[in-house]
Amino acid sequence: MQEQPRSIGLIDCNNFYVSCERVFRPDLLTRPVIILSNNDGCAVSRSNEAKAIGVKMGVPVFKIRDLVKDHGIEVFSSNYVLYADMSNRVMSILSEYSPIQEIYSIDESFLDLTGFSDIRERARAMYERVVRDTGIPVCVGIGPSKTLAKLSNFVAKRHPKSNGVFNINLLSPGQVNSVLTNIPTEEVWGVGRKLTASLSEFGIDTVLQLRDADIASMRKKFGVVMEKTIRELRGEACIELEEMASAKKQIINSRSFGKSVGTIEDVQDALAHFVSNAAKKLRDQHSIAGMMQVFIQTDRFRTERPQYCPSVTIPLVMPTANSMTLQKWALAGLESIFRPGYLYKKAGVILSEICDASTYQGDLFASVPEDTEIMKVLDKMNARYGKGTIKLSQDGSRQSWKMRQEKKSPEYTTNWDEIPVCV
DNA sequence: TCTCCGATTAGAC
DNA sequence: CTAACGGTCTAATCGGAGA
C-alpha cells in the first residue's frame, strides 16, 4: 500500500478587509477600494481594481492622493470589529472541513486534510461554501507542507484556470518543477526583502533553484530557518500545525496619535488607556507580567523637529495583571522619561516576563494582597455592558491623542445602532 | 572562554 | 483647510558584561 502524502490546506481570504466592506456595500464590487491602517495612515488592503491602478501595498495614503481622486478610489478606515466578526464566521465554517485547524491570522487558516479520500471535492466545497454563507471570497492551496500549501495558494490566487483551488500534490514531478521555476523566491513563506536580495547574489531567484540548493551550505550561510524552508519546499513537513493558540510571551499596546501632543497630561491619558488594554489582554489569557516597558516617541518623519524617543523598563516585584497596579507603575515610568518641549507622536507599553497566573506562588509576605476581584468585576461589567463602561480615572478622558478614523464603515454585524436602515 | 542578557533585525500579516 | 508614513508578535542573531 502506498503511503499518502501529507495534505495541508491553506485557505486565504481574498483582499480580506476590502471583501468585508463589500459584503455590505455590493455597489463596491467592481470599484477600486482600499482600506487604511490605523490612524488612516497606509493602504493595507486593496481590491484588484486598486492594485491594477497601481496602489502599492503599505503606501501612505497622502502619497496617492491624486490617484485616489483621479480614479475615484473608495477609501475606508479599518473597521476591526467588523473584520474580526467576519473572520470568526469564515473560520467557523472552515472548521467543519477538518478536525485539525490552525487559525493562522485574521484571514488565513491551515487545515490538515491528510487521510480524506475526497480532498478535491472537499476543497471545492469549502471554497464555494464560504463565499455563499459569508460573502467573503477565498482561495484554497494544498500541499505536503505548510510552505508548499502557501505556495499552492499563491498559484490558486494567480491562475484563473485554477478557479481558486490548487493542489500541488496532484502534479507530476515534472509539472511541479515547471510551476516552481516560474515563481520568484520572494513569494516563499519566510523569504522577505532582505533574503530575496541575498539569495539573488548566490544566483537563486526562483523557487525551484531554492528547493534544489545544497542544504548544508545554505544552512551555514542563512541559518536554521532557511534549512527548514528548503526541506518544506521538498515536501518534508517540518512545521506542524498549531491548533491551540499559545499564550503570548509579550503583549504590546501602542498607537500613533492623531496629532502630536506636548503636555504630560495628554501622554498620561493615552498611556493609561494602553495599559488598560494590555492588562485586559493579559487577564484574558490568564497570565501575569513580571516586566513592563513604557516608551514615548516624537514624530520620526518630521526630521526638522527635535527627536526624543526614550523608554524605561520597570521590573514588577510582584508580577501582576492588575490594571491599577500596572497603571501606577507606568505613569511613574512616564514621569521619569518625559521631557517638556517635545511634540510626542506615539506612546506605548510592553508587558513581558509573562507567566501563568495560577502557577505563580505569590508573595506570602505582601502586606496588602492584590485585589484581583475588582479586575474580575471590571472585566465582567465591560463584557456585559460594552467596552469602556468602567475604566480607571486616568484612562482616555482627554481624547486629544485619539487616532484619526474618518472613514470607518458601520459595525454592521455587531452593533444594533449602526445597522443602516434599508430603503 | 562561556553564558547570559538586552537590543537589534527580519519576517509575517 | 491642515497635515499627512500602522501595530503586534516571534525567533534568530549580535555584542557586551560578568562569571
Side-chain angles (χ1 to χ4, degrees), chain A residues 10 12-18 34-46 55-66 68 75 77-78 80 83-84 87 102-110 146-147 150 153-154 185-199 219-229 239 242 245-261 270 274 277-278 281-282 285 291 293 295 297-305 309 311-313 315 343 345-354 403-407:
Chain A
L10 187 267
D12 191 324
C13 302
N14 304 348
N15 314 330
F16 181 59
Y17 296 173
V18 167
I34 62 175
I35 313 297
L36 305 182
S37 62
N38 275 334
N39 225 12
D40 290 348
C42 308
V44 291
S45 181
R46 305 155 295 154
V55 180
K56 298 272 181 276
M57 181 62 177
V59 70
V61 70
F62 74 86
K63 285 192 175 176
I64 54 167
R65 207 179 36 192
D66 291 343
V68 168
V75 181
S77 305
S78 283
Y80 286 112
Y83 309 153
S87 174
E102 175 185 340
I103 297 171
Y104 179 68
S105 73
I106 194 164
D107 75 328
E108 276 178 64
S109 174
F110 288 104
K146 280 182 161 182
T147 304
K150 280 232 165 207
N153 192 284
F154 173 78
T185 51
E186 61 184 323
E187 302 299 339
V188 174
W189 194 32
V191 178
R193 257 208 338 270
K194 297 272 182 183
L195 267 181
T196 301
S198 312
L199 287 171
R219 182 196 173 121
K220 210 167 215 162
K221 274 181 246 161
F222 298 102
V224 281
V225 178
M226 179 60 79
E227 171 172 358
K228 271 193 186 175
T229 299
I239 309 171
E242 288 172 32
S246 43
K248 307 252 176 287
K249 295 169 181 165
Q250 189 183 47
I251 291 172
I252 303 181
N253 200 271
S254 73
R255 204 116 311 183
S256 293
F257 304 149
K259 48 181 169 229
S260 300
V261 299
F274 301 150
N277 291 159
K281 284 187 196 171
L282 198 57
Q285 65 168 33
M291 188 77 89
Q293 247 174 292
F295 63 87
Q297 295 174 0
T298 47
D299 189 340
R300 69 185 198 283
F301 293 104
R302 303 292 294 264
T303 46
E304 80 283 3
R305 290 186 189 165
C309 303
S311 75
V312 59
T313 302
L343 285 171
K345 179 66 176 173
K346 183 174 178 174
V349 62
I350 304 173
L351 301 176
S352 54
E353 298 200 358
I354 288 174
M403 70 172 173
R404 265 193 310 279
Q405 231 188 357
E406 291 172 359
K407 296 166 175 168

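Lettering follows sequence order; numbering is per chain, from 1.
In the 5' to 3' direction, nucleotides of DNA chain C lying under 4.0 Å from heavy atoms of chain A begin and end at C:dA3 to C:dT13.
Taking CZ from A:R46 and CD1 from A:I34, the interatomic distance works out to 9.5 Å, rounded to the nearest 0.5 Å.
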Test log, rule side chain to side chain contact (heavy atoms under 4.5 Å, CB included), inputs A:D107 and A:Y83:
CA-CA 9 Å; A:D107 75 328; A:Y83 309 153; over 6 Å; no
Run A:F16 and A:I35 through side chain to side chain contact (heavy atoms under 4.5 Å, CB included) and show every step you take.
CA-CA 10 Å; A:F16 181 59; A:I35 313 297; over 6 Å; no
Verify side chain to side chain contact (heavy atoms under 4.5 Å, CB included) between A:Q285 and A:K248, making sure each step is shown before the conclusion.
CA-CA 8 Å; A:Q285 65 168 33; A:K248 307 252 176 287; 3.4 Å; yes
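Under the salt bridge (Lys or Arg N to Asp or Glu O under 4.0 Å) criterion, A:R302 pairs with A:E304, sequence neighbours left out. Qualifying side chain to side chain contact (heavy atoms under 4.5 Å, CB included) partners for A:T298, counting only residues two or more places apart in sequence or in other chains: A:Q307, A:Y308, A:C309, A:Y342, A:Y344.
Taking the C1' atom of each, C:dG6 and B:dG11 are spaced 16 Å apart, rounded to whole Å.
Contact annotation for A:R65: base contact, defined as any heavy-atom pair under 4.0 Å involving a base atom. Residue A:K346 is classed as a sugar-phosphate contact, given heavy-atom separations below 4.0 Å to backbone atoms only. Residue A:N39 is out of contact with every strand shown, counting any heavy-atom pair closer than 4.0 Å. Residue contacts shown for A:D40 are absent, as no nucleic acid heavy atom lies under 4.0 Å away. Backbone-only engagement by A:I251 is indicated by non-hydrogen atom pairs under 4.0 Å involving sugar-phosphate atoms exclusively.
Along DNA chain C, the nucleotide closest to A:V61 and the one closest to A:K249 are compared, and the more 5′ of them pairs with A:V61. When each of A:R302 and A:F222 is assigned the nucleotide of DNA chain C bearing its nearest heavy atom, the one mapping closer to the 5' terminus is A:R302.
A:I354 is listed as a side-chain neighbour of A:L282, based on a closest heavy-atom distance under 4.5 Å. For the pair A:L343/A:D299, no side-chain contact is recorded, criterion being any heavy-atom separation below 4.5 Å from C-beta on.
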Using a cut-off of under 3.5 Å, enumerate the N/O to N/O pairs linking the protein to nucleotides 7-12 of chain B.
residue	atom	partner	partner atom	Å
B:dG11	OP1	A:L195	N	2.8
B:dG11	OP2	A:K194	N	3.1
B:dA12	OP1	A:G190	N	2.8
B:dA12	OP1	A:V191	N	3.2
B:dA12	OP1	A:V191	O	3.3

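Residues A:W189 and A:K146 come closest through the heavy atom pair CZ3-CB, 3.5 Å.
Secondary-structure annotation of DNA chain C gives the stems B:1-13 with C:7-19, with a stem taken as at least 3 successive Watson-Crick or G-U pairs whose two distances both fall under 3.5 Å.
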With a 3.5 Å cut-off and sequence neighbours excluded, list the donor-acceptor pairs that the side chains of residues 220-229 of chain A form with protein atoms.
residue	atom	partner	partner atom	Å
A:E227	OE1	A:R219	NH1	2.6
A:E227	OE2	A:R231	NE	3.0
A:E227	OE2	A:R231	NH2	2.9
A:T229	OG1	A:V225	O	3.0

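Below 30°, between 30° and 60°, or above 60°: for A:Y104 and A:F110 the angle between ring planes is above 60°, a perpendicular geometry.
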